[in-house]
Amino acid sequence: MSTQASEIKANLSANPNQYWYLRDGYKYGLALFAVCAMYVGIRLYQGAYAMDTGLDSTMPIFDVYWRRLFYIEITLEVILAMAIASYLWLTRDKQMQALSTREEITRYFTFIMWGGVYGMAVYWAGSYFGEQDNAWHQAAVRDTPFTPNHIVVFYLGFPLYTILGMGLWLYARTRLPLYEKKISVPLTLAVVGPFMLLPSVGYNEWGHTFWFREELFASPVHYGFVISVWFALALEGTILQIIARMSVLLDKFALENQ
């Protein structure tokens with residue numbers, strides 16, 4: 001993906017008028033690469049140390065390899081959330097009604113690419129590491145909510161895509177006239193729905209501690225995870241909004257450049 005990002009950036013430099021709508025294309029490639037590289041690295045870390053150092057949370061070595069990772073994750077996530085929110089708000093477009101057709105089209109492509117990075121983060125957290133968690137608990141005793149996989153999926157994966165979803169929503173609100181004065185129900189559901197996995201985590205841990213010890217996908221303590229993920233289907237409504245607006249913009253752009 002880094003090669004793809006380099007090619008896009010080179011094409012933009014060589015042919016600025018040909019790929020003007022992909023102004024942020026290389027950033028998209030780099031962001032996808034960063035997300036995937038981070039999770040591959042985390043998975044390799046789990047494979048190297050989880051079974052040797054992560055089975056007993058009372059051991060000092062657990063603090064070295066896993067609790068320290070937890071603190072690093074939380075610190076970086078707070079910084080990232082504040083940085084994204086502050087940047088998008090402080091650099092918001094205060095004259096969006098005067099936006100050129102070309103610039104608005106470009107921003108929609110950037111918005112779609114941001115959504116792609118958000119979707120990739122949701123996939124890694126909710127699919128691979130989410131599925132892995134069930135296998136982990138069937139093989140190891142749940143002696144703490146801070147297991148080697150929980151520290152990745154609950155305290156890194158879920159918060160990370162929540163931060164990216166917040167950024168996606170704020171980008172639309174501060175950069176796109178369609179979302180400037182009205183709140184998009186589909187976009188809001190697509191961001192808030194997966195975010196609700198975080199409250200479900202608390203209920204899940206309480207349920208497994210005091211109520212349902214077995215790690216079965218169909219157990220009631222997991223219902224919240226399924227329902228929250230279903231809300232990601234609201235992205236289809238967001239796509240329809242984008243298509244409707246883009247069809248108008250492209251016709252307008254064609255007339256302006258005849």
Between Gln132 and Val153, is any pair of side-chain heavy atoms under 4.5 Å apart? no

Tyr123, Ile239: one ILVMFWY side-chain cluster at the under-4.5 Å cut-off? no

Is there a side-chain contact between Val78 and Met82, using heavy atoms and a 4.5 Å cut-off? yes

Output the distance between atom CG (Leu22) and atom NZ (Lys27), rounded to the nearest 0.5 Å. 13.0 Å

Can you measure from CG (Leu235) to CG (Leu168) and round to the nearest 0.5 angstrom? 7.5 Å

Start with the C-alpha distance between Gln241 and Tyr179, add both sets of side-chain angles, then the distance that settles side chain to side chain contact (heavy atoms under 4.5 Å, CB included), and finish with yes or no. CA-CA 10 Å; Gln241 291 178 333; Tyr179 301 105; 3.1 Å; yes

Do Tyr155 and Phe146 have ring centroids that are under 6.0 Å from one another? yes

Looking only at heavy atoms, what is the nearest atom pair of Pro148 and Gly54, with distance? CD-O, 3.4 Å

Joint cluster assignment, Ile105 & Ile243, ILVMFWY side-chain distance < 4.5 Å: no

Sub-4.5 Å side-chain heavy-atom contact between Val64 and Thr53: no

Over all atoms of both residues, closest heavy-atom pair of Thr106 and Tyr21: OG1-CA, 3.8 Å

Neighbour count above 12 (heavy atom, 6.0 Å) for Phe70 CZ: yes

Heavy-atom distance under 4.5 Å between the side chains of Leu80 and Leu160, does that happen here? yes

Could you tabulate the donor-acceptor pairs under 3.5 Å formed by side-chain atoms of residues 36-45, not counting sequence neighbours?
residue	atom	partner	partner atom	Å
Arg43	NE	Tyr128	OH	3.0
Tyr45	OH	Tyr65	O	2.7

Determine, stepwise, if the pair Asp56 / Phe62 fulfils side chain to side chain contact (heavy atoms under 4.5 Å, CB included). CA-CA 7 Å; Asp56 187 348; Phe62 184 92; over 6 Å; no

Path from Met96 to Leu249 over hydrophobic side-chain contacts below 4.5 Å: no

If every non-hydrogen atom of Glu73 is compared with every non-hydrogen atom of Val152, which pair is closest and at what distance? OE2-CA, 4.2 Å

Do Thr238 and Phe111 have side chains that approach each other closer than 4.5 Å (heavy atoms only, starting at C-beta)? yes

Give the minimum heavy-atom separation between Arg175 and Leu88, together with the two atoms involved. NH1-O, 3.0 Å

Less than 4.5 Å apart, side chain to side chain, heavy atoms only: is that true for Val185 and Leu189? yes

To the nearest 0.5 Å, what is the distance between CG on Asp93 and CD on Glu103? 8.0 Å

In one Ile/Leu/Val/Met/Phe/Trp/Tyr side-chain cluster, 4.5 Å: Leu178, Leu250: yes

Looking at every non-hydrogen atom in both residues, tell me the closest pair between Arg173 and Lys182 and how far apart they are. NH1-O, 3.2 Å

Looking at CH2 of Trp89 and CG of Leu170, how far apart are the two atoms once the value is rounded to the nearest 0.5 Å? 8.0 Å

Side-chain touch Arg67/Ile151, heavy atoms, less than 4.5 angstrom: no

Of the non-hydrogen atoms in Gly25 and Met113, which two are nearest, and what is the gap between them? CA-SD, 3.7 Å

Any chance you could lay out the side chain to side chain contact (heavy atoms under 4.5 Å, CB included) test for Asp24 and Trp114, step after step, and finish with the verdict? CA-CA 10 Å; Asp24 295 319; Trp114 194 313; over 6 Å; no

Is Trp20 reachable from Leu176 through a run of hydrophobic residues whose side-chain heavy atoms are each under 4.5 Å from the next? yes

Side chain to side chain donor-acceptor pair (under 3.5 Å) evaluation trace for Thr188 with Trp169: CA-CA 7 Å; Thr188 302; Trp169 194 92; 3.1 Å; yes

Is the count of non-hydrogen atoms from other residues, nucleotides or ligands lying under 6.0 Å from Glu256 atom CD greater than 12? yes

Reported CD-to-CE distance for the pair Glu104 and Met246, which is rounded to 0.5 angstrom: 9.0 Å

Could you check whether any side-chain heavy atom of Phe231 comes within less than 4.5 Å of a side-chain heavy atom of Val192, counting everything from C-beta outward? no

CH2-OH distance between Trp66 and Tyr71, expressed to the nearest 0.5 angstrom: 15.5 Å

